[in-house]
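As a basis for the values below, the full set of heavy atoms in this structure was taken, side chains included, without hydrogen atoms, waters or symmetry mates. When a residue number appears, it is its place in the shown sequence, counting from 1. Only a predicted model underlies this, so the values are computations on that prediction, with no experimental measurement involved.
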Amino acid sequence: MNAIEYNRGTHDINDVLTQLKGLVLVQPILEARGVSREELERHIDEIDRVRARLADLVRSSGGGVESAAA
């Protein structure tokens, strides 16, 4: 992996991580506002999808932080 690929991978991971953080922070707000169970389940499904995407990106980066420190 060269520096350009590493930077792009890191950028992608940061983008997905930011998306995940936003989704997780919004969940209690949705619950407090009393959204339907169906809407809340769709939101939770999206959190799960983004978590899986983040895991894939970290795996494909060759170890993420550990490989960057080497």
Side-chain angles (χ1 to χ4, degrees):
M1 174 182 289
N2 64 37
I4 293 171
E5 289 171 333
Y6 176 78
N7 286 336
R8 182 178 33 215
T10 301
H11 180 75
D12 291 346
I13 289 170
N14 285 333
D15 284 350
V16 174
L17 183 57
T18 300
Q19 180 184 9
L20 179 58
K21 286 178 181 179
L23 288 166
V24 170
L25 290 172
V26 166
Q27 183 176 344
I29 295 169
L30 295 174
E31 292 170 346
R33 290 186 177 174
V35 299
S36 70
R37 184 68 196 155
E38 183 179 285
E39 188 173 347
L40 191 56
E41 286 177 9
R42 282 194 306 265
H43 187 81
I44 292 168
D45 288 345
E46 181 66 6
I47 289 172
D48 291 342
R49 187 190 70 74
V50 174
R51 276 188 181 137
R53 173 77 175 126
L54 180 60
D56 288 343
L57 284 170
V58 170
R59 274 191 296 273
S60 70
S61 73
V65 174
E66 292 82 10
S67 65

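Hydrophobic cluster membership differs between Val24 and Leu30, with clusters built from Ile, Leu, Val, Met, Phe, Trp and Tyr side chains linked at under 4.5 angstrom. Both Val58 and Leu23 are members of a single hydrophobic cluster when ILVMFWY side chains are connected at heavy-atom separations under 4.5 Å. Transitive grouping of hydrophobic side chains (ILVMFWY, heavy atoms separated by less than 4.5 Å) keeps Val26 and Leu54 in distinct clusters.
Residues Leu57 and Asp12 approach most closely at CD1-O, 3.8 Å, considering heavy atoms.
Residues passing the side chain to side chain contact (heavy atoms under 4.5 Å, CB included) test with Ile44 are Gln27, Leu40, Asp48, sequence neighbours excluded. Contacts of Arg49 classified as side chain to side chain contact (heavy atoms under 4.5 Å, CB included), with partners at least two apart in sequence or in another chain: Gln19, Glu46. Contacts of Asp15 classified as side chain to side chain donor-acceptor pair (under 3.5 Å), with partners at least two apart in sequence or in another chain: His11. For Thr18, there are no side chain to side chain contact (heavy atoms under 4.5 Å, CB included) partners at least two apart in sequence or on another chain.
Applying the salt bridge (Lys or Arg N to Asp or Glu O under 4.0 Å) rule to pairs touching residues 34-43 yields Arg37-Glu41, Glu38-Arg42, sequence neighbours excluded.
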